[in-house]
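I have placed the structure first, in the form of structure tokens, so that the comments after it can refer back to it.
Residue indices begin at 1 and follow the sequence shown. Computed from heavy atoms alone, side chains included, the values below leave out hydrogens, waters and symmetry copies.
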Amino acid sequence: MRVLVIGSGAREHALLLGLRKDPEVDYLAVAPGNAGTAAVAEQHEVDITSAEAVTGLARELDIDLVVVGPEVPLVLGVADAVRAAGIACFGPSKDAARIEGSKAFAKDVMAAAGVRTATSETVDNPAHLDAALDRFGPAAGQPAWVVKDDGLAAGKGVVVTADRDVARVHAAALLDSGHPVLLESFLDGPEVSLFCLVDGATVVPLLPAQDFKRVADNDAGPNTGGMGAYSPLPWLPDEVTAAIVSEVVEPVAAELVQRGCPFSGLLYAGLAMTSGGPAVVEFNCRFGDPETQAVLALLESALGQLLYATATGKLADFGPLRWRDGYAVTVVIAAENYPGRPRLGDVITGSEADGVLHAGTTRRDDGSIVSSGGRVLSVVGTGADLVAARAAAYRIASSIRLPGSHFRSDIALAAAEGRITLR
């Protein structure tokens, strides 16, 4: 099988490493890739938001399966074009990708499917903002305001704050830039990321994970695209995961089929385990980063064959997934000033060690690897328990040198110490 992976992050690096283990995969390409993926796959420069460019490359390389990693190409319809060219594609159609591309669409789908989520209100007129703010947050007896960009924001379009002025400034900035604002009620409880392979009405869950959005320890600072993750969750019973599948993911998949836009690919449910039960925070239409790095580190099933079965409507025939025992922890190493404008172009040492996945990196002509993005590397450690997996991840992270870089020191710490419980 000849596979082309679209994207350039640590998620795509993890996918390529998993695909390389599949005996049925005999050729790997990536576009555009990074300094790390170059050691795994043949790299090609292409505009990944261009359906014509991606389809042309897939044809040129005689590809059997295209795997689209990032959300933007999916929302723009790249997967539709690939499939129209007669090439199998892992990734939803443009219509189905609205589950991530439009939070208002996602809310409508969840309401129709009877799925529990935060109450919300969309504001598209600045004149209505103040009255809407009064219906949410501490003004309405909630711990905080939750203000979201209705469209794609790479994980950084959300502000959760008890300060009305901060909430208003963020919302007003979004409206000024032409983006509708979504105000939501606050959901309490620990968060869960559950990835599910979906082929129409067929849903196959992967291991649950938990990610860490805030930039600093103890969930301080602004939201980021994700600073780390771990999987599985020792505090989440298997029956609760099964309930999430049957009460959340399967009804949403069925509703998308009913609407004529069946989902094909990876449906990511982000949930808060509230005192009243699981409630959806968001849906994504692709593998999430950094959870993917931890989850795929534990997968033993043949990844290429699994993704191909999903893409070709044969997921129901694949059989039970196989997982290695133990846990995996991902720690993201970020450039100086991230999630603001990151410092770029610094030489990195130690980035070619086992367990290191590349994202914002490039290789110079002299062979040195330099930073080229905000989230530069992901480090993955595995172990028999979370304590061992954490130790492995942080041992590798501490050996990497990148001027001004930073990473959280508390990824999976609360879970390792048994401090996370369901209400």
*Please examine the side chains of Ile63 and Val82, heavy atoms only from C-beta on, and report whether any two atoms are closer than 4.5 Å.*
no
_Minimum heavy-atom distance between Leu266 and Phe90, given as atom pair plus value_ = N-CZ, 3.6 Å
_Under a plain distance cut-off of 3.5 Å, with no hydrogens placed, do Asp163 and Thr161 share a side-chain donor-acceptor pair?_
no
*Do Pro70 and Ile48 come within less than 4.5 Å of each other through their side chains, counting heavy atoms only?*
yes
*Heavy-atom pair of closest approach, residues Tyr327 and Asp385*: CD1-CA, 3.5 Å
*Salt-bridged, Arg2 to Glu24, with N to O below 4.0 Å?*
no
*Compare every heavy atom of Tyr338 with every heavy atom of Gly225, then report the nearest pair and how far apart it is.*
N-OH, 2.9 Å
*Got Leu133 and Leu183 here, is their nearest side-chain heavy-atom distance under 4.5 Å?*
yes
*Salt-bridge criterion met for Asp289 and Arg375 (N-O under 4.0 Å)*: yes
*Honestly, is Arg98 close enough over Phe105, meaning NZ or CZ under 6.0 Å from the six-membered ring centre and within 45° of the axis?*
yes
*Could you name each residue pair satisfying salt bridge (charged side-chain N to carboxylate O under 4.0 Å, His left out) that touches residues 170-189, not counting sequence neighbours?*
Lys107-Glu184, Lys148-Glu184, Asp188-Arg423
Return a table of donor-acceptor pairs under 3.5 angstrom between the side chains of residues 243-253 and protein atoms on other chains or two or more places apart.
from   : atom 1 : to     : atom 2 : distance (Å)
Ser246 : OG     : Ala242 : O      : 3.3
Ser246 : OG     : Ala243 : O      : 3.3

*asked:* Taking Asp219 first and then Arg408, would you say they form a salt bridge - that is, a charged N and a carboxylate O separated by under 4.0 Å?
replied: yes
*Would you name the heavy atoms of Ala309 and Phe318 that are closest together and state the gap between them?*
CB-CD1, 4.1 Å
*Minimum heavy-atom separation for Ser351 to Ile369, with atom names?*
OG-CD1, 3.6 Å
*Do Gln293 and Val379 touch side chain to side chain, with heavy atoms closer than 4.5 Å?*
no
*Where do Leu175 and Val181 come nearest, in terms of heavy atoms and distance?*
CG-CG2, 3.7 Å
_For Glu352 and Arg363: C-alpha separation, side-chain torsions, deciding distance, then whether salt bridge (charged side-chain N to carboxylate O under 4.0 Å, His left out) applies._
CA-CA 12 Å; Glu352 295 179 279; Arg363 189 182 293 273; 3.1 Å; yes
*Are Asp346 and Arg343 ion-paired here, with the side-chain N under 4.0 Å from a carboxylate O?*
yes
*Can you list every pair that meets side chain to side chain donor-acceptor pair (under 3.5 Å) and has a residue in residues 300-320, with sequence neighbours left out?*
Asp22-Gln305
*Hey, is CG on Asp366 packed in by over 12 heavy atoms from elsewhere, all under 6.0 Å?*
yes
*Answer whether the closest heavy-atom distance between the side chains of Val192 and Met273 falls below 4.5 Å.*
yes
_ring-ring contact (aromatic ring centres under 6.0 Å, His included) partner of Tyr268, the single match among Phe283, Phe195, Phe287_ = Phe195
*Gln210 and Ser193: side chain donor to acceptor below 3.5 Å*: no
